[in-house]
Amino acid sequence: MDEQPRLMHSHGVGMAGHPGLAQHMQDGTAGTDGEGRKQDIGDILQQIMTITDQSLDEAQARKHALNCHRMKPALFNVLCEIKEKTVLSIRGAQEEEPPDPQLMRLDNMLLAEGVAGPEKGGGSAAAAAAAAATGGIGADNSAEHSDYRAKLSQIRQIYHTELEKYEQACNEFTTHVMNLLREQSRTRPISPKEIERMVSIIHRKFSSIQMQLKQSTCEAVMILRSRFLDARRKRRNFNKQATEILNEYFYSHLSNPYPSEEAKEELAKKCGITVSQDVIVLTVVSNWFGNKRIRYKKNISKFQEEANMYAARTAVNATSVSAHGSQANSPSTPNSAGELRALIKGCWVLLALLTCQTPETCS
DNA sequence: ATTTATGATTCGGA
DNA sequence: TCCGAATCATAAAT
């Protein structure tokens, strides 16, 4: 390249002995018209150097002439190559960065919440799960549920609208820049590769804007969720029928009021606890029995009336079902390992005997 | 407004 | 992991 200053001052003559640029372009082919080509290049360079001295019209005409010159593509390629080697190699280092973990986290969350992805997906499931925590009895929470769903779908809609807008803006801008660069590539050494690189830079910028949208959408969902979930402490009493069923089980299993998993499920079904998540259903029943046991034990006399009532009812049911020994399933006579374990564990029978409050011992 | 009832949560222990 | 105990928070009763 150190040939260039001399070339520029050579006024297009006497290029012999200075192959330099010409050799680069011609792959060193030495032919009969080799001298002529060198002459050409000298001319071109001379024209470029003096273009600023000319009038505007003259310069335009000259520009056009140069653009159409047969040597132009070769010159363009060389300049692109040089540029590639210098500027772009530096910038190229910071390319191909791995996918942003934060962006992935946001994407996953949006997908999980049903904001992104298919139309009616995990969103309602998440709402159902949250609704289940509010008490989960029957249709009591349907109002809150639909409220949650409505708000979520609102967020969802905004998110998609904005995302589409961003996408469109990104495409428009990309097209614009590409056109601009293509246009400029007539006068500047801009290779297709460089255009491609520019496009990817634009996409990166826009995706960082998209991330902000995702971020704020996630925040909105979190706020909505927390507000909805905070309502879980809003106690919602079981309806009378459900309480009766639970009490019935409790007092008829007073010696061992620890329903198994299956029993819990059945009780939940009978009580009309209809929630998609079994775990929560079981928790609700377990909570009830936990509370009941401890509160019964704490103040047995207070529950005496209730106990008698349910016991009487159970007795009536039992006799109507089978006329003979309803004593068979009487909890006061533990005849299985499970009941004995329960006896040791909670001393329920002992307590009942001491206070003589359970119907089994009083009858 | 205060009290009671009750479903849920937390925490330590077996 | 389940239970008991204590506690929280709120619905329902007073």
Table please: side-chain donor-acceptor pairs of residues 261-271 of chain A below 3.5 Å, with sequence neighbours left out.
residue, atom, partner, partner atom, Å
A:E262, OE1, A:S260, OG, 3.4
A:K264, NZ, A:S286, OG, 2.8

Starting at CG of A:N291 and ending at P of B:dT9, how long is that distance when rounded to a whole Å? 11 Å

Using atom CH2 of A:W288 as one end and atom C1' of B:dT9 as the other, report the distance to the nearest whole Å. 19 Å

Minimum-distance nucleotide to A:R295 side chain [options: B:dT6, C:dA5, C:dA6]: B:dT6

Nearest whole Å is fine: how far is C:dA11 P from A:N239 CG? 17 Å

When you check the phosphate oxygens OP1 and OP2 of B:dG7, does a side-chain N or O of A:R236 lie under 4.0 Å from one of them? no

Which heavy-atom pair separates A:C170 from A:H203 by the least distance, and what is that distance? SG-CD2, 3.4 Å

Phosphate-side-chain proximity, A:K292 and B:dG7, N/O vs OP1/OP2 below 4.0 Å: no

Can you name the side-chain hydrogen bond (donor to acceptor under 3.5 Å, both in side chains) partners of A:Q241, sequence neighbours left out? none

Taking atom P of B:dT6 as reference, at what distance in whole Å does atom CZ of A:F250 sit? 13 Å

Just by distance, do the side chain of A:H176 and the backbone of A:E172 share a donor-acceptor pair under 3.5 Å? no

Rounded to whole angstroms, how far apart are NZ on A:K302 and C1' on B:dA5? 8 Å

Starting at atom CD of A:E261, determine the distance to atom C1' of C:dT1, rounded to an integer number of angstrom. 11 Å

For A:D57, give me all partners under side-chain hydrogen bond (donor to acceptor under 3.5 Å, both in side chains), at least two apart in sequence or on another chain. none

Between A:K298 (NZ) and C:dG4 (C1'), how many Å, whole number? 10 Å

By ring-ring contact (aromatic ring centres under 6.0 Å, His included), which residues pair with A:F303, not counting sequence neighbours? A:Y296

Using a cut-off of under 3.5 Å, enumerate the N/O to N/O pairs linking the protein to nucleotides 12-14 of chain C.
none

Of the options C:dC3, B:dG7, C:dA5, whose atoms approach the side-chain atoms of A:I294 most closely? C:dA5

Give a yes/no answer on whether the side chain of A:N287 brings an N or O atom under 4.0 Å of OP1 or OP2 in B:dG7. no

Would you mind reading off the distance between A:L246 atom CG and B:dA5 atom C1', rounded to a whole angstrom? 16 Å

For A:F206, all residues meeting ring-ring contact (aromatic ring centres under 6.0 Å, His included), sequence neighbours excluded: none

